[in-house]
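Beneath this line is the structure, given in structure tokens, with notes to follow.
Chain A is the first sequence line, chain B the second, and so forth, proteins listed ahead of strands; every chain is numbered from 1.
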Amino acid sequence: MQIIEVRDILEAEVLCCDEILTNEVNNAFSSDLMSDVLAFVNGKTLLLTGLVNCQVIRTAEMADLNVIVFVRGKSPDKNVIEMAKQGNIILLTTRDTLYTASGKLYSKGLKGINI
Amino acid sequence: MSAIKYTFQIEKDDFSRAGEASSSIKKILMQVGSEPSLTRRVAIATYEAEMNIVIHSDGGTISVMIDPKCVMVLAKDNGPGIENIELAMKEGYSTATDRIREMGFGAGMGLSNMKKCSDEFSIESKIGEGTTIMMNMCVKEGE
Ligand SMILES: Nc1ncnc2c1ncn2[C@@H]1O[C@H](COP(=O)(O)OP(=O)(O)OP(=O)(O)O)[C@@H](O)[C@H]1O
Ligand SMILES: [Mg+2]
């Protein structure tokens, strides 16, 4: 799924890096636990999370993730967005809850990862 | 060819800078053209080690020795040490406080993640002295 579709499905706002919204993601993973993300997630996976601190961006950087969706209308501080820009990580924010956002994407065909 | 060695100082409780060492290590590996899945394993393992030093220890260092096929990581801290290593290694075991959990840590997965990422893994710890973790990661056949 193209990230631009994710944006439309979740009626999300793009916080950074709109120039790469045509990039693709193959799967999604929803979690507020960074070590779970690091343990299970790989490559072209979208991360949905309720956390907005700089560790989320670091985690994405380490696990080679290129898109993060913040749920419940959360938005990180400027310096966190700046960090994402440096790493070419797309940040989106949606008003949906983690459950609802995950469900919407799943029903449109974006599946979870196999663990 | 001799290995390149880097050492990074890790401060306890410094959450604004936590992850910088691992980020630098990842960048170095990408610069020297290290194989991508090896780079990813090293990045994840060093990040888990770095966060543990920030969260659970009194501060320490992370050193990496990089040679073309393998990366050796040494994470060393100045205490307080781990009383029961077997328990600490268990997935889901964590002593993280609520404050740490709110930041996204405390799943109790870090040490087992490190082990999974490594071809060789060893951990030694002494109460009052500190914890030393050694990890060796090499390019896998066919990569
Ligand atoms: N360097 C260390 N010094 C002292 N205690 C440690 C250290 N590293 C880990 N521990 C102890 O071992 C436990 C398990 O560590 P582990 O990294 O597996 O999980 P965690 O850090 O609690 O959570 P997660 O890594 O999933 O965010 C910790 O909760 C802590 O009690
Ligand atoms: Mg940990």
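A:Asp32 places no side-chain N or O within 3.5 Å of a backbone atom of B:Gly104 that could act as its donor or acceptor partner. Checked by atom type and distance alone, the side chain of B:Asn113 never pairs as donor or acceptor with a backbone atom of A:Leu38 at under 3.5 Å. With hydrogens and angles ignored, the 3.5 Å screen pairs no side-chain donor or acceptor of A:Gln55 with any backbone N or O of B:Ser16.
Residues B:Met109 and A:Asp36 meet the side-chain proximity criterion, which asks for heavy atoms closer than 4.5 Å. Between A:Arg58 and B:Met51, every side-chain heavy-atom pair lies at or beyond the 4.5 Å cut-off. No side-chain heavy atom of B:Val42 sits under 4.5 Å from any side-chain heavy atom of A:Met62.
One distance of note links CE of B:Met103 with SG of A:Cys54; it measures 9.5 Å at 0.5 Å rounding.
Shown here is A:Glu11, whose CD atom has no more than 12 heavy atoms of other residues, nucleotides or ligands within 6.0 Å. For A:Lys104, the NZ atom sits in a packed shell: over 12 heavy atoms of surrounding residues, nucleotides or ligands are nearer than 6.0 Å.
For chain B, no part of A:Val80 is nearby; none of its heavy atoms comes within less than 4.5 Å. Contacts of A:Ser31 with chain B are absent, with no heavy-atom separation under 4.5 Å from either backbone or side chain. Residue contact with chain A, scored on non-hydrogen atoms closer than 4.5 Å, involves the backbone of B:Glu102 exclusively.
Top candidate by heavy-atom pairs under 4.5 Å with chain A, chosen from B:Pro36, B:Ala107, B:Ser23, is B:Ser23.
Annotation for B:Leu87: hydrophobic cluster partners, listed by chain and number, are B:Tyr93 (ILVMFWY side-chain heavy atoms under 4.5 Å, direct or chained).
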